[in-house]
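Here the structure is laid out as structure tokens; the discussion comes afterwards.
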2 protein chains.
Amino acid sequence: MAITSEQIAKLANVSRGTVDRALHNRGGVSPEVSARIKKIAAELGYTPNTAASALARTKKRTTVGIIIPANQNYFFDNMKSGLLLAQEEFSNYGIQLEIFQTYGLDEYNQLKYIEELEKKGMNGLLISPVNTEKIKNKIIQLTENKIPVITLNSDIEKSKRLCYVGHDYYQSGKTAEGMMALINNRKFKLAIITGSTKSLSQSQRVEGFINNAKKRSHDFDIVEICENNDDDIDSYLQTLRILKEYKDLNALYITGSGIYGVVKALKELKLERKICVITFGDLPRTLEYVIEDTIDATICQNVFDQGYVSAKLMFNYIIKNEYPNKDKYYTKIDIRIKENILPNY
Amino acid sequence: MAITSEQIAKLANVSRGTVDRALHNRGGVSPEVSARIKKIAAELGYTPNTAASALARTKKRTTVGIIIPANQNYFFDNMKSGLLLAQEEFSNYGIQLEIFQTYGLDEYNQLKYIEELEKKGMNGLLISPVNTEKIKNKIIQLTENKIPVITLNSDIEKSKRLCYVGHDYYQSGKTAEGMMALINNRKFKLAIITGSTKSLSQSQRVEGFINNAKKRSHDFDIVEICENNDDDIDSYLQTLRILKEYKDLNALYITGSGIYGVVKALKELKLERKICVITFGDLPRTLEYVIEDTIDATICQNVFDQGYVSAKLMFNYIIKNEYPNKDKYYTKIDIRIKENILPNY
DNA sequence: TTGAAAGCGGTACCAG
DNA sequence: CTGGTACCGCTTTCAA
């Protein structure tokens, strides 16, 4: 039988109420009594019964704010599903999610929503932050006000957030290079098409790719790194130009959006089977291109897990005061080729 | 506020006890009253508070039996970790796991352990069954005695088990072929090394591989399908023989164990960089060979998830009477190459 | 600063 | 077959 607060109370010659107040630092307990209680609890290895505490606090509701982008609907819908699944598993704890979505990375609205949530008295925040000074300071301030923050999918260093849950962009860039090397027998002439060199995540994917190729001494030649602004038309035109200019190109590496544009250009020049194409993400259209053999492999970041894991970490922190045991939680890097694209598990 | 059994009791003019008995089919309720209660509950969309029921049943302990192989320690340790994590998440429900491990697929001991568990009064069974008539009948019998059975990692068709949680061996064979085709530009001459053609899972991997190559019209030539009995020495000798016999071989496909033997033979002939090798599993040694470039890719089956998912399904069934909503739960098929082998998340 | 006690929602036993 | 009731372990309010 597990230890109960009742048992601790008896051993410490106090009431259950006092035990509860002491162990949760709710205040109003004399330091000596508190210390005595904590000591006994530690010795016995006391872990509170979560079912009982959930039940006792049913009237209370705790709100967790969520601020994520809304573009690339499918992507963030997936993340939301993960968040909602975690919420469901914790349904008896009366946790309410307040989800706000901004179009693109929008500092102004992120700040606005954070303040709105603060007024509502949120108990924790999950955010995919824009990496700016203002947001960073806001997160620091929340943390100092005892409101835990977890960054999700994008991070801000030194913002004092509880932890980060997301992708390792650098490593996924390396993985893309590893795949390309396997496919092209360690020798390729390629163009890199990135959304914007200013996007940290995308530039990490480029950097990881290049460093891996160098480190492994692959025989590679990057003819160009071009920006498509994550736009399909831009992407289409640039790809067309590149493909015409470099006749012996044998690979394309796409780090962001604009995949449709790339594919359209490839098909127009009837090169879709000749050029090795590696992309990121598992948007339905991307997967279609993998299935029809236009894209050779796409590297995925388990966005669903990101939502699920981050929400669980937040809930456990708020409810059980359980600290995350890592600073960064990286979700797995999945390689999807034609054969292992499956209906979701 | 969520619906409570109290509210239903009032609406149905009965006591909470009767509501509980009716909704859980515990018997001792007249059909009319039971129907009335169920109707009201359904209309209100009643879902019992799991925290409360966990709390109420703290005294009761429910035992779930687990019977899995013990060979390839690392593999099943991983599965056990998943099982234990699920147990921890349900720790307040007083669930006890009774784990038995058999060496190899051992019908005699599986039966013995099942019977032992029955005597102890287990409430559910998770098993990686040997596919024999006796075990099949035993599972049917358990199910008929209201003891739910979930098959884990290996399945028996028509055994009336609640569901199967595991790997899609056929599809993972296809995935292996897909990778090999990418690496060898859709043209390869290979030998297949399998543990035993009698092992269902391994023969499915072979079948999936071959069918995929045919379907996609790859230019392939299988010089031999040989059995190594999952034994390293056997594996070593056979690989050596094959490599000497077929000088223009460019690929090896290993569906089971004996990977060390294959690698030893390859290294001895200094062919480790020249021949494309695809294996299964993420045993530490296998991953080492991937990292050192001897194995090009290894296909993994997320054994941890198998343990976690199956245990959760079992617990939810026993506690909340929640039926699995699929007959087969396939875990993801992961492709691991040098770059996306990461310390576990 | 502390104790006592009333719940939270469901379960199970006993009495009728 | 049904109602009443005493828990399960923790939280919170009220009173001292």
Side-chain angles (χ1 to χ4, degrees), chain A residues 1-38 41 44-62 90-95 123 318-322, chain B residues 1-38 41 44-62 90-95 123 318-322:
Chain A
M1 226 43 208
I3 310 299
T4 68
S5 63
E6 174 81 60
Q7 296 174 41
I8 295 177
K10 273 192 188 136
L11 289 170
N13 282 316
V14 292
S15 70
R16 289 192 296 159
T18 306
V19 170
D20 188 62
R21 284 184 285 258
L23 293 180
H24 294 90
N25 302 310
R26 296 193 216 280
V29 182
S30 79
E32 310 92 79
V33 174
S34 177
R36 178 156 42 104
I37 291 172
K38 283 180 178 172
L44 298 182
Y46 170 68
T47 46
N49 182 314
T50 49
S53 69
L55 190 57
R57 60 197 290 166
T58 32
K59 284 164 298 185
K60 253 196 159 180
R61 36 167 71 189
T62 79
F90 280 76
S91 57
N92 296 123
Y93 291 86
I95 288 171
N123 305 90
I318 295 178
I319 293 166
K320 309 181 197 163
N321 203 32
E322 207 172 281
Chain B
M1 227 44 209
I3 310 299
T4 68
S5 63
E6 172 83 59
Q7 297 175 39
I8 295 177
K10 273 191 190 139
L11 289 170
N13 283 316
V14 293
S15 70
R16 289 195 294 159
T18 305
V19 170
D20 189 58
R21 282 184 287 259
L23 293 180
H24 294 89
N25 302 310
R26 297 192 216 280
V29 183
S30 79
E32 311 92 76
V33 175
S34 177
R36 178 154 43 104
I37 290 172
K38 282 181 178 169
L44 298 182
Y46 170 69
T47 46
N49 182 314
T50 48
S53 73
L55 189 57
R57 56 159 76 202
T58 31
K59 284 164 299 187
K60 252 196 161 182
R61 33 168 71 188
T62 78
F90 281 76
S91 57
N92 296 122
Y93 291 86
I95 288 170
N123 306 90
I318 295 178
I319 293 167
K320 308 180 198 165
N321 203 32
E322 207 172 280

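By convention in this document, chain letters (A, B, ...) are assigned in the order of the sequence lines, proteins followed by strands, and residues within each chain are numbered from 1. Quick note: numbers below take in every heavy atom, side chains included, and nothing from hydrogens, waters or symmetry partners.
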Tell me the interatomic distance from [X], atom [atom1], to [N], atom [atom2], rounded to whole angstroms.
X	N	atom1	atom2	answer
A/Lys10	D/dG9	NZ	P	11 Å
A/Arg57	D/dG9	CZ	P	19 Å
B/Asn92	D/dC10	CG	C1'	11 Å

Any base atoms under 4.0 Å from [X], or only sugar-phosphate, or nothing? Heavy atoms, all strands.
X	result
A/Tyr46	sugar-phosphate
A/Arg26	sugar-phosphate
B/Val19	nothing

### Query
When you measure from the side chain of B/Arg16, which nucleotide among D/dT2, D/dA6, C/dC8 comes out closest?
D/dA6
### Task
Can you figure out which of C/dA4, D/dT2, C/dC8 approaches the side chain of A/Ala56 most closely?
C/dC8
### Message
Applying the side-chain contact (heavy atoms from CB on, under 4.5 Å) criterion to A/Val19, which one of A/Ile8, A/Val33, A/Thr4 satisfies it?
### Response
A/Ile8
### Message
For A/Ser53 and A/Thr50, which I'm curious about, is there any donor-acceptor pair between the side chains at under 3.5 Å?
### Response
no
### Message
Between the base of C/dG10 and the side chain of B/Arg21, is there a donor and acceptor pair under 3.5 angstrom?
### Response
no
### Task
Go through the structure and list residues passing ring-ring contact (aromatic ring centres under 6.0 Å, His included) with B/Tyr46, not counting sequence neighbours.
none
### Task
With the side chain counted from C-beta on, respond yes when A/Leu23 and A/Ile37 share a heavy-atom pair under 4.5 Å apart, and no when they do not.
yes
